[in-house]
J.: 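So that we are looking at the same thing, I have put the structure below in structure tokens.
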Amino acid sequence: MAAFTPEAFKKEFIAILDYWGKYGPDPEKGGFYGRVSYENQPVKDSPRSVVLTGRLLWTFSLAHRLLKEAKYLTLADRAYQQLVKNFIDSEHGGVYWSVNADGSPLETKKQIYGNAFAMYGLAEYYRVTHFKPALEKAQSLFEVIEKHAFDPVNGGYREAFARDWSPTDDYILSKSPWNKSMNTHLHLVEAYTNLYSVWPDAKLKKQTAGMLDAIITHIVNPKTETMQLFFDEKWKAKDHIVSFGHDIEASWLLFETAEILHDKKLIARMKKKSIAMAIAASKGLGPDGALNYEYDPETKHTQTDRSWWVAAEQLVGFYNAYQLTKDAQFKTKAEKSWDYIVNEFVDHERGEWFGTVKEDGTPVKGDKINFWKCPYHNARACAEMWRRLGKA
């Protein structure tokens with residue numbers, strides 16, 4: 001078994017950071033490459049996504065906060081400059097979904113998911129730098145999201161808009177009329193929570209608590225304790241596909257939101273829900289200790305690929321359930337998750353983690369860095385476990 005210790009998690013946290021510090025920065029165009037191959041070769045003309053940029057800003061800001069090393073702040077500064085210079089729409093507000101390698105706008109739509117990760121990174125950067133413009137930019141994202149995306153009638157947030165915030169049918173993750181999604185709400189509440197931790201505004205608290213309630217009420221299926229993925233305006237679900245990784249991720253993130261809001265009723269409610277969701281997610285575990293990717297109850301088909309981000313989230317999610325219940329089965333699940341990560345996901349030769357591992361343990365030789373492949377899930381998981389297992 002892999003060492004399940006604070007030192008082991010700190011070591012892997014630093015290893016992930018070192019990889020991104022070495023292979024991520026683009027010395028020619030500034031910022032970070034949008035894509036780096038399995039062989040650690042940059043694809044120099046690849047587009048850059050706001051999701052990756054926001055997650056890099058958050059990760060290196062967190063790294064500086066925890067490790068107090070100047071090199072991480074330098075990398076956070078690099079991500080901040082890239083975000084502010086290239087992604088923020090000074091005319092209409094919000095952030096673009098993607099830009100070209102030279103920084104010019106590419107996909108100018110206002111995807112709330114992307115705006116959430118820009119906010120998430122900006123709030124963390126402000127936490128470590130106290131640089132007021134970063135907070136002001138995060139606040140402006142909150143204001144524009146509330147103005148255009150919040151649904152005051154049915155609750156929750158609409159998925160996407162055109163550049164000028166007019167309606168669009170191009171949602172990336174779904175299509176009209178399925179204009180609300182689990183994924184956007186999960187990460188928007190995460191971003192609002194992080195912003196609230198540095199800016200305890202009354203309206204922000206109200207909207208964050210309201211979003212948490214909407215997730216628990218509409219997105220989590222009370223019969224199965226799993227989340228449904230896509231919805232129309234009035235929360236009618238499109239399908240019932242189970243995403244095991246999102247379920248276990250939500251089980252600890254949503255509890256964290258309740259704690260940061262210091263709402264005793266929400267904490268008590270979310271504690272029960274978190275445990276129930278962790279139990280439900282456990283049904284997706286294979287005998288190797290890794291979660292399958294997803295399950296469709298209508299076709300009875302299980303997608304058995306193991307994904308790097310799912311592995312990271314199940315590590316934290318099951319350990320969080322152990323902390324809430326003191327039930328040893330959850331600690332065992334977390335330990336098996338880490339063992340699988342160390343043995344199957346960590347690329348001990350080239351660095352970082354494989355993005356996908358097949359059910360038989362064969363790694364898929366995909367990009368190490370791309371639109372979605374980032375240090376947010378795995379670096380965060382290692383930092384969380386380092387903290388939870390005894391970081392001073």
J.: With a 4.0 Å cut-off, would you call K205 and D263 a salt bridge?
T.: no
J.: Report whether L285 and F4 are members of the same hydrophobic cluster (ILVMFWY, side-chain heavy atoms less than 4.5 Å apart, transitive linking).
T.: yes
J.: May I ask you to check whether Y33 and Y23 place their ring centers less than 6.0 Å from one another?
T.: no
J.: Indicate the ring-plane relationship of W235 and H218, choosing parallel, tilted or perpendicular according to the 30° and 60° boundaries.
T.: parallel
J.: Would a single hydrophobic cluster contain both V128 and F13, if residues Ile, Leu, Val, Met, Phe, Trp and Tyr are joined by side-chain heavy-atom contacts under 4.5 Å?
T.: no
J.: Is the shortest distance from a Lys or Arg side-chain nitrogen in E28 or K44 to a carboxylate oxygen in the other one below 4.0 Å?
T.: yes
J.: Classify the ring geometry of H130 against Y126: parallel below 30°, tilted from 30° to 60°, perpendicular beyond 60°.
T.: perpendicular
J.: Would you say that more than 12 heavy atoms from the other residues, nucleotides or ligands in this model lie under 6.0 Å from the CZ of R380, or not?
T.: yes
J.: Check Y125, F117, Y120 against W58 for a ring-ring contact (aromatic ring centres under 6.0 Å, His included) and give me the one that passes.
T.: Y120
J.: Please name the residue in the list W308, Y340, W309 that meets the ring-ring contact (aromatic ring centres under 6.0 Å, His included) test with F345.
T.: Y340
J.: Taking 4.0 angstrom as the limit, do R350 and E39 come out as a salt bridge?
T.: yes
J.: Any Lys/Arg nitrogen of D164 or K110 sitting under 4.0 Å from an Asp/Glu carboxylate oxygen of the other?
T.: no
J.: Which atoms form the tightest heavy-atom contact between S243 and L229, and what is the distance?
T.: CB-CD2, 4.2 Å
J.: Start with the C-alpha distance between D201 and K206, add both sets of side-chain angles, then the distance that settles salt bridge (charged side-chain N to carboxylate O under 4.0 Å, His left out), and finish with yes or no.
T.: CA-CA 9 Å; D201 175 76; K206 178 185 176 184; over 6 Å; no
J.: In terms of side-chain geometry, is the basic nitrogen of D151 or K180 positioned less than 4.0 Å from the acidic oxygen of its partner?
T.: yes
J.: Can you name the residues that form a side-chain hydrogen bond (donor to acceptor under 3.5 Å, both in side chains) with Y157, not counting sequence neighbours?
T.: E146, Q207
J.: Tell me whether the count of non-hydrogen atoms from other residues, nucleotides or ligands lying under 6.0 Å of NZ in K271 goes above 12.
T.: no
J.: To the nearest 0.5 Å, what is the distance between OG1 (T53) and CG (L57)?
T.: 9.0 Å
J.: Is R35 paired with D367 through a side-chain N to carboxylate O contact shorter than 4.0 Å?
T.: yes
J.: Under 6.0 Å from the NZ atom of K10, do we count more than 12 heavy atoms belonging to anything else shown?
T.: no
J.: Considering all heavy atoms of both residues, which atom of S274 and which atom of S251 are nearest to each other, and what is their separation?
T.: OG-O, 2.7 Å
J.: Are the aromatic rings of H301 and Y295 close, with centres under 6.0 Å apart?
T.: no
J.: In this structure, would L83 and L106 fall into the same cluster of hydrophobic residues linked by side-chain contacts under 4.5 Å?
T.: no
J.: Between K368 (side chain only) and G355 (backbone N and O only), is there a donor and an acceptor less than 3.5 Å apart?
T.: no
J.: Answer yes when K109 and D89 have at least one side-chain N-carboxylate O distance shorter than 4.0 Å, and no when they do not.
T.: no
J.: With a sphere of 6.0 Å drawn around NZ of K29, does it hold more than 12 non-hydrogen atoms of other residues, nucleotides or ligands?
T.: yes
J.: Could you work out, with salt bridge (Lys or Arg N to Asp or Glu O under 4.0 Å) as the rule, every residue matching R306, not counting sequence neighbours?
T.: D288
J.: Please verify the inter-ring angle class for W165 with F161; under 30° counts as parallel, over 60° as perpendicular, anything in between as tilted.
T.: tilted
J.: Grab the two heavy atoms, one from M182 and one from F231, that are nearest each other, plus how far apart they are.
T.: N-CE1, 4.2 Å
